[in-house]
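Heads up, the thing below is written out as structure tokens.
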Amino acid sequence: KEPKMSAPIISFTVSVDTSSSSVEYTIYDSEGSPTTEPVTVEEANTIVTYTLNPDSSNLQFIAPEITGDPSHDLSINISKDGQVLTIIDSDADKEDICLKLVTVPQNQVFVSPDPQLKNRPTGR
């Protein structure tokens with residue numbers, strides 16, 4: 001029996017500067033160097049994580065803007081505190097996916113009251 005290989009993990013940290021009129025995102029690779037290089041996924045279910053630096057003005061991640069993913073190959077998860085965005089890429093298709101990180105102030109997230117969904121399958 002072959003040993004089960006775990007999916008590769010690619011980690012980044014993100015610093016967000018909101019002090020100027022335009023918000024600036026700086027993405028750092030695992031070595032702590034700023035990077036603008038695309039992430040290349042070559043193995044199925046590669047895990048890509050973005051973690052906000054503590055200096056990022058009490059921001060949190062919300063759902064990223066994604067384009068160029070017609071097959072919906074990405075699975076998105078955001079930690080409860082909004083500090084870590086995890087993306088799992090199935091690598092099912094050859095494509096260039098555009099992913100824009102989106103952050104909001106932690107104290108300005110508004111959540112509606114529960115509009116409850118009731119599933120009542122018919123014919124069962």
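Numbers here simply count residues along the sequence, with the first being 1. Just the heavy atoms: all of them, side chains too, but no hydrogens, waters or symmetry mates, feed the values below. Keep in mind that what you see is a predicted model, and the values were worked out from it rather than measured.
Put simply, OG1 on Thr103 and CD1 on Ile62 are 8.0 Å apart, with the number rounded to the nearest 0.5 Å. Summarising the geometry, atom CD belonging to Glu65 is positioned 8.5 Å from atom SG belonging to Cys98; distances are rounded to the nearest 0.5 Å. Remark: Asp89 CG to Glu42 CD distance equals 11.5 Å, nearest 0.5 Å. Asn45 CG to Ile9 CD1: the interatomic distance, rounded to the nearest 0.5 Å, is 12.0 Å. Atoms CG and CG, on Asp69 and Leu74 in that order, are 4.5 Å from each other to the nearest 0.5 Å. To the nearest 0.5 Å, the span separating CD1 on Ile88 from CD1 on Ile47 amounts to 5.0 Å.
The two residues Leu52 and Gln60 make their nearest non-hydrogen contact at CD1-CA, 3.8 Å. Between Phe61 and Tyr50 the shortest heavy-atom distance is CE1-O, 3.4 Å. Between Asp29 and Phe12, the shortest heavy-atom distance links the atoms CA-CD2, 3.9 Å. Ser56 and Val16 get closest at one heavy-atom pair: OG-N, 3.1 Å. Scanning both residues, Ala7 and Ala44, for their nearest heavy atoms gives CB-O, 4.2 Å.
Side-chain contact between Ile10 and Thr46: present, with at least one pair of heavy atoms (C-beta onward) separated by less than 4.5 Å. Contact annotation: the side chain of Leu59 approaches that of Thr18 to within less than 4.5 Å [non-hydrogen atoms, C-beta and beyond].
Atom CG of Asp55 has more than 12 heavy atoms from other residues, nucleotides or ligands within 6.0 Å.
Note on Val84: it does not cluster hydrophobically with Tyr28, by side-chain heavy-atom contacts below 4.5 Å among ILVMFWY residues. No continuous path of ILVMFWY side-chain contacts below 4.5 Å connects Val102 to Leu99, so the two sit in separate hydrophobic clusters. Side-chain heavy atoms closer than 4.5 Å link hydrophobic residues (I, L, V, M, F, W, Y) into clusters, and following such links, even through other members, never connects Ile66 to Val104.
Among the candidates Thr36, Thr35, Thr13, the single residue satisfying the side-chain contact (heavy atoms from CB on, under 4.5 Å) test with Ile27 is Thr35.
Counting only N and O atoms by type, the side chains of Ser11 and Ser30 include no donor and acceptor under 3.5 Å apart.
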